[in-house]
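What follows is a single structure, written as structure tokens, with notes after it.
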Amino acid sequence: MTREEAIARLSRYQSQEDSAWRLEEERLQYAKTRGWLRYSRRIAIKVALAMKQQNLSRQNVAERMGCSPQYVSRLLKGEENLSLETICKLENALNVAILQYEFM
Amino acid sequence: MTFDKVIEDGRLWAVRYNHDKENALQKVLAQWSDASWLADFFTQNFDDLISYFRITNIEDAIYQTMEDRDELSCIIMDISPDANLDQFFRPLENDRTQEMMLGKEKGRPHRRSWLRLYAIKLNVGVFIITGGAIKLTRTMQE
């Protein structure tokens, strides 16, 4: 079997729907160039470990924050450009300090 | 089971199992960017994390995984038509299954990524990604 034959054979079984994986990755890489992604990731990690420690589900956190479990899932991927308000809600929901500040 | 083309020239594919919305590549990339999934994983495998990689901080392990995940994704996205895929995938124990891993990180020559992508190699230079894993032990048997 030649390479072209192998590719043709795989193409016959190609998924009907495009996976769009490249678009998703390009969006993520773009977000990364914006710099805030590393903060979002660090926050997602803190949230995940706090949830684990307190045995909280996404549903529990969502109820405490007044948002949907789907939003909590997105937040845990570390790809959300979080507002200060959302960060405060997380701090209150999980009783953890996420932001440390020098002013005030 | 169907197949998704990963690079346009058809040399790299990813399997999509049983009407799943995502293919095998998307699934592992999603896992490796999910802080909750990674927290569970490293907590369950904490002993291996310490004994082989000497890492005691789970937060750092999770963050590094996310960074390595991005690097792996960039490598795949940047595969050129001239690139030899045999340079990205190296053989496992049998002839058909190959694994892809990141090379030694620049500036940190003593740490290698624990992320692995697995692919079946057809004998004409066409690869099909079937899944991935976080490998914290020296051998798969461990």
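Quick note: numbers below take in every heavy atom, side chains included, and nothing from hydrogens, waters or symmetry partners. Order of the sequence lines fixes the chain letters, A, B, ..., with proteins taken first and strands second; residue numbering starts at 1 for each chain.
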Worksheet entry | A:Q14 vs B:F3, side chain to side chain contact (heavy atoms under 4.5 Å, CB included): CA-CA, chis, key distance, verdict | CA-CA 5 Å; A:Q14 194 166 354; B:F3 301 96; 5.6 Å; no
How far apart are the C-alpha atoms of B:I7 and A:R22, what are their side-chain angles, what is the distance that settles it, and do they pass the side chain to side chain contact (heavy atoms under 4.5 Å, CB included) test? CA-CA 9 Å; B:I7 56 177; A:R22 189 172 285 269; 4.0 Å; yes
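Salt bridge status for B:D9 with A:R3: absent, with no side-chain N to carboxylate O gap under 4.0 Å. Salt-bridge check for A:E25 with B:R69: passed, with a basic side-chain N closer than 4.0 Å to an acidic carboxylate O.
A:W21 has its side chain within reach of B:M77: a pair of non-hydrogen atoms, C-beta onward, lies under 4.5 Å apart. Using a 4.5 Å cut-off on side-chain heavy atoms (C-beta onward), B:S73 and A:Q29 make contact. The shortest distance between side-chain heavy atoms of A:S11 and B:W13 falls below 4.5 Å.
Sparse packing is recorded around CD of A:Q53, with 12 or fewer heavy atoms of other residues, nucleotides or ligands lying under 6.0 Å away. Within 6.0 Å of the CG atom in A:N55, the count of heavy atoms belonging to other residues, nucleotides or ligands does not exceed 12. A 6.0 Å sphere centred on CZ of B:F46 holds more than 12 heavy atoms belonging to other residues, nucleotides or ligands. Dense packing is recorded around OH of B:Y17, with more than 12 heavy atoms of other residues, nucleotides or ligands lying under 6.0 Å away.
Note: the hydrophobic cluster containing B:I62 does not contain A:W36 (ILVMFWY, side chain heavy atoms under 4.5 Å, direct or indirect links). Taking hydrophobic clusters as Ile, Leu, Val, Met, Phe, Trp and Tyr residues chained together by side-chain heavy-atom distances below 4.5 Å, A:L99 shares a cluster with A:V47. With hydrophobic clusters built from ILVMFWY side chains whose heavy atoms lie under 4.5 angstrom apart, A:I98 does not share a cluster with A:Y39. Under a hydrophobic-cluster definition in which Ile, Leu, Val, Met, Phe, Trp and Tyr are linked whenever side-chain heavy atoms come within less than 4.5 Å, directly or via other members, A:L37 and B:W32 are assigned to different clusters. Residues A:L23 and B:I79 do not share a hydrophobic cluster, defined by chaining ILVMFWY side chains whose heavy atoms lie under 4.5 Å apart.
Within the 4.5 angstrom heavy-atom criterion, no atom of A:L75 approaches chain B. Proximity to chain A is limited to the side chain of B:Q26, based on heavy atoms less than 4.5 angstrom apart. For B:I128, the part sitting under 4.5 Å from any heavy atom of chain A is the side chain, from C-beta outward, and nothing else. Residue contact with chain A, scored on non-hydrogen atoms closer than 4.5 Å, is absent for B:A14. Contacts of A:E24 with chain B are made by side-chain atoms alone, with heavy-atom separations under 4.5 Å and no backbone atom involved. For A:T2, the part sitting under 4.5 Å from any heavy atom of chain B is the backbone (N, CA, C, O) and nothing else. Of the atoms belonging to B:D40, heavy atoms from both backbone and side chain fall under 4.5 Å from chain A. With a 4.5 Å cut-off on non-hydrogen atoms, B:K21 does not touch chain A at all. Both the backbone and the side chain of B:D34 come within contact range of chain A, judged by heavy atoms closer than 4.5 Å.
Of all non-hydrogen atoms in B:A30 and A:K77, the two that sit nearest each other are O-NZ, 3.8 Å. The shortest non-hydrogen separation linking A:R58 to B:S36 is NH2-CB, 3.2 Å. The minimum heavy-atom distance linking A:A48 with B:A39 is given by the pair CB-CB, 4.2 Å.
Listed options B:L25, B:I76, B:V6, B:L29 were ranked by heavy-atom pairs under 4.5 angstrom with chain A; first place goes to B:V6. Counting heavy-atom pairs under 4.5 Å between each of A:K46, A:R42, A:E79 and chain B puts A:R42 at the top. Comparing A:R38, A:R12, A:M51 by how many heavy-atom pairs each has under 4.5 Å with chain B, the most go to A:R38.
Here B:D70 pairs with A:K32, A:R41 under the salt bridge (Lys or Arg N to Asp or Glu O under 4.0 Å) rule; sequence neighbours left out.
To the nearest 0.5 Å, atoms OG1 (B:T2) and CD (A:Q16) are separated by 8.5 Å. Going from atom CE of B:M66 over to atom OG of A:S40 covers 8.5 Å, rounded to the nearest 0.5 Å. Note that CD1 of A:I7 and CG of B:L122 are 9.5 Å apart. Values are rounded to the nearest 0.5 Å. The line from CG of A:L49 to CZ of B:F42 is 11.0 Å long, rounded to the nearest 0.5 Å.
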